[in-house]
Amino acid sequence: MVAQKVRTRFAPSPTGYLHVGGLRTALYNYLFAKKMGGDFIIRIEDTDQSRKVEDAQKNLIKTLEWAGIIADESPEHGGNFGPYVQSERLDIYDKYCKLLLEDHHAYYCFATHEELDENRQLQIKQGLQPKYNRKWLPEEMGGSIPPSVIQKKLDEGEPYVIRMKVPDYISVWFEDIIRGPVEFDSATIDDQVLMKSDGFPTYHFASVIDDHLMGFTHIIRGEEWLSSMPKHLLLYEFFGWEAPKVAHLPLLLNPDRSKLSKRQGDVAVEDYVRKGYSAEAIINFVAMLGWNEGEGSEQEVYSMTQLIDKFSLERVGKAGAVFNVDKLNWLEKQYIKNRPTEKLVAVIKPILLAELEKREPLMPLEMITSETYLEKVIELMRERVGFEHEFVTFSSYFFFEPEAYDEESVKKRWATDTNDLLRDFASILGSLVEFSAENIEAHLKEFVAPKGMKAAVLIHPLRIVASGVSFGPSLYHLLEVLGKETVLRRIQVGLEKISSSV
RNA sequence: GGCCCCAUCGACUAGUGGUUAGGUCAUCACCCUUUCAAGGUGGUAGCACGGGUUCGAAUCCCGUUGGGGUCACCA
């Protein structure tokens, strides 16, 4: 037998942003499909019209693509199994629902919301599991409603839903790729609504039909679906279809181990994008939340290609994983450290240009926006920033004059003779022909030595007047990159501002 | 509450009967150093508990506890 081509799907509902948990589900589906040489498909589950959000579909797909998860078939790019939006497949669900009705696997239910609620309350009060009481189960299916009554209601145009009839006294068993065998008693399964009164199918019904029709070989989804698996299995059985293999992923957790939610931090991928995390770091991070290569591997940094190469569902863990931002931050730094300079230049330049819309530099515009200048800034800063945008925001003194001087540092580093020293050394700097780090260092040491002072007495004040802050790259290199003109100006300005405040 | 799933350092995890229980993040100390990073070295820290099975259990079985999910005309 020729193995069929693997097909997996990510099936979000267009109700808003892409959740990081959703990103991981999509990623695992994608990795598995690509690893197996198969296809990854995006399907939109918009059967709840009331929760539909404008543009959500577009944003979902856009965000996935930003992350590097490109679908082989999707509502945006088409494919041979469309339409890929469930609201465009209504006639299909109708057709299959009729089949179920004919085969007595489903029945009309005219119960009102009030009735259902009442019933539920009663059952809860009695300590029972809330379940539909099958009041509308027709005679021919073992219930008490004669066909004529149903027909009459139908003729009168009474609103109704269609429910599946869960067989009594059976047990539903399946093998989860991640969890192994799982078993349910049919007594615990409700007669799930298949078609809602607005004519739309429920998730359970639509996804089973689509998963079959679209030819998916593997269903990889969150653990929250595990308990509805038996319903889906029953539907496959009703239709006589072979069920796809399933894998239920462990959930992503808050630091307090509850299900990952807002309130305790950001859950939208877009939030992390906005903060400046890169696709590589987020994908890498999310991939490791629940999966690892095993076999003694100690690799932490994986590219998408490597992930595809190494991924396997068998190595996905069973327990929920806490979304720990510390490690994400560390990964982001790893990527910045190793990203090619020209790539960083390309990213930083637009950020700088945007900043230049808001702030006026004193340094020559051509200079600070030039590639060679940006390359130097990157060289000095790449091991000191946590995000790409920090090349501009965290070390803005490479582009703009310091607006203030860190008070505590001034207090700590300024002695009575500091201003004089600074002034004297400025004139030495002014006379330098070669304004290089080595040369600056040599002259500074020469200047300080005969006075019996340590270089630090000048180094720290110089850094503060040059940058406004007490931390940063090597002072000598900082000065070199800034250039003589800027350095002299900043010393001058710094002396004025600081002496007036000290 | 019923049903289902899960359980190794604070976090992510390696580990599938015999290991000084390993790695990474975080944390602490030291080194490097003009600062901040980066880097280096070292440290603190874990098998939830109780029973079995076995010569021997983190590993297998049962129970307890704890956590989570789910019980909608939402997905």
Side-chain angles (χ1 to χ4, degrees), chain A residues 11-15 45-48 50-51 109 111-113 116-117 120 123-124 127-132 159-163 176 178-180 182-185 187-190 192-204 206-207 222-230 248 250-251 253 255-259 285 288-301 317-331 333 337 380-386 394 409 413 441 444 454-460 462-464 467 469-476 478:
Chain A
S13 58
T15 53
E45 312 228 319
D46 60 343
T47 53
D48 184 350
S50 64
R51 293 212 306 159
C109 170
T112 63
H113 288 280
L116 258 18
D117 265 354
R120 213 184 335 265
Q123 286 167 328
I124 291 171
L128 299 168
Q129 179 201 353
K131 253 176 88 174
Y132 178 58
Y160 62 85
V161 300
I162 293 169
R163 289 178 183 275
D176 188 282
I178 294 171
R179 280 151 219 288
V182 184
E183 195 175 2
F184 290 84
D185 189 326
T188 66
I189 309 169
D190 203 358
Q192 180 61 230
V193 170
L194 264 20
M195 293 297 265
K196 300 184 274 189
S197 56
D198 63 359
F200 278 76
T202 56
Y203 163 83
H204 304 284
S207 74
E223 193 188 345
E224 67 265 33
W225 296 111
L226 190 59
S227 48
S228 41
M229 188 61 200
H248 288 94
L251 263 17
L253 272 25
D256 71 352
R257 303 208 77 88
S258 58
K259 187 180 178 182
F285 174 64
M288 305 308 285
L289 248 29
W291 172 86
N292 72 83
E293 191 185 335
E295 285 174 28
S297 165
E298 284 173 4
Q299 188 172 344
E300 299 285 341
V301 179
K318 298 182 218 273
V322 173
F323 191 93
N324 178 220
V325 185
D326 278 335
K327 190 132 186 194
L328 211 207
N329 290 338
W330 174 79
L331 267 175
K333 280 196 163 192
K337 255 169 64 181
L380 291 187
M381 293 305 294
R382 79 187 310 152
E383 281 175 356
R384 291 168 229 268
V385 298
F394 183 71
S409 310
R413 303 296 188 185
E441 179 171 6
L444 188 141
K454 291 209 287 187
V457 299
L458 208 39
I459 285 174
H460 296 293
L462 265 174
R463 175 187 298 288
I464 293 168
S467 71
V469 293
S470 63
F471 51 87
S474 145
L475 193 254
Y476 307 117
L478 169 66

Nearest-neighbour nucleotide for the A:Val322 side chain, B:rC74, B:rA11, B:rA38 considered
B:rA11

Does any donor-acceptor pair link the side chain of A:Arg384 with the base of B:rC36 at a separation under 3.5 Å?
yes

Could you please name the partner base of B:rC30, counting Watson-Crick and G-U wobble pairs only when both distances are under 3.5 Å?
B:rG40

Scan A:Arg463 against the nucleic acid and name what it touches under 4.0 Å (heavy atoms): base, sugar-phosphate only, or nothing.
base

Of A:Lys327 and A:Ile178, the one whose closest nucleotide on RNA chain B sits nearer the 5' end is A:Ile178

Examine distances only and state if a side-chain atom of A:Asp190 and a backbone atom of A:Gln192 form a donor-acceptor pair shorter than 3.5 Å.
no

Please measure how far the P atom in B:rC6 lies from the corresponding atom in B:rG51, and state the result in whole Å.
24 Å

Under 4.0 Å from OP1 or OP2 of B:rC73: is there any side-chain N or O of A:Arg51 that close?
no

Would you say a side-chain N or O of A:Arg382 is under 4.0 Å from OP1 or OP2 of B:rA38?
no

Can a side chain N or O of A:Lys337 be found less than 4.0 Å away from OP1 or OP2 on B:rA38?
no

Assigned partner base of B:rA57, Watson-Crick or wobble definition, under 3.5 Å:
none

Side chain A:Thr202, main chain A:Val193, donor-acceptor under 3.5 Å:
yes

Would you confirm whether A:Glu45, through its side chain, and A:Ser207, through its main-chain N or O, come within 3.5 Å as a donor-acceptor pair?
no

Judged by each residue's nearest nucleotide on RNA chain B, which is more toward the 5′ side, A:Lys131 or A:Phe184?
A:Phe184

Looking only at heavy atoms, which two atoms of A:Phe394 and A:Arg384 are closest? And how far apart?
CE2-O, 3.6 Å

Quick check for you: among B:rC73, B:rU70, B:rC5, whose closest atom lies nearest to any side-chain atom of A:Glu223?
B:rC5

Which nucleotide sits closest to the side chain of A:His204: B:rA75, B:rC6, B:rA72?
B:rA75

If we take the C1' atom in both B:rG39 and B:rA14, what is their distance in whole Å?
26 Å

Per the atom types in the model, does the base of B:rC73 pair as donor or acceptor with the side chain of A:Ser197 at under 3.5 Å?
yes

Name the closest nucleotide to the A:Ser474 side chain, picking from B:rG69, B:rU34, B:rC6.
B:rU34

Quick check for you: among B:rC36, B:rC25, B:rC5, whose closest atom lies nearest to any side-chain atom of A:Phe471?
B:rC36

When you measure from the side chain of A:Lys196 to the backbone of A:Thr47, do you find a donor-acceptor pair of N or O atoms at a distance under 3.5 Å?
yes

Does B:rU35 have A:His460 stacked on its base, where the ring centres are within less than 5.5 Å and the planes differ by under 30°?
no

From B:rU70, B:rA38, B:rA75, nucleotide with atom closest to A:Ser227 side chain
B:rU70

From B:rA72, B:rG22, B:rA75, nucleotide with atom closest to A:Glu298 side chain:
B:rG22

Kindly say if A:Asn292 contacts the phosphate of B:rU13, meaning a side-chain N or O under 4.0 Å from OP1 or OP2.
no

Nucleotide forming a Watson-Crick or wobble pair with B:rA45, both distances under 3.5 Å:
none

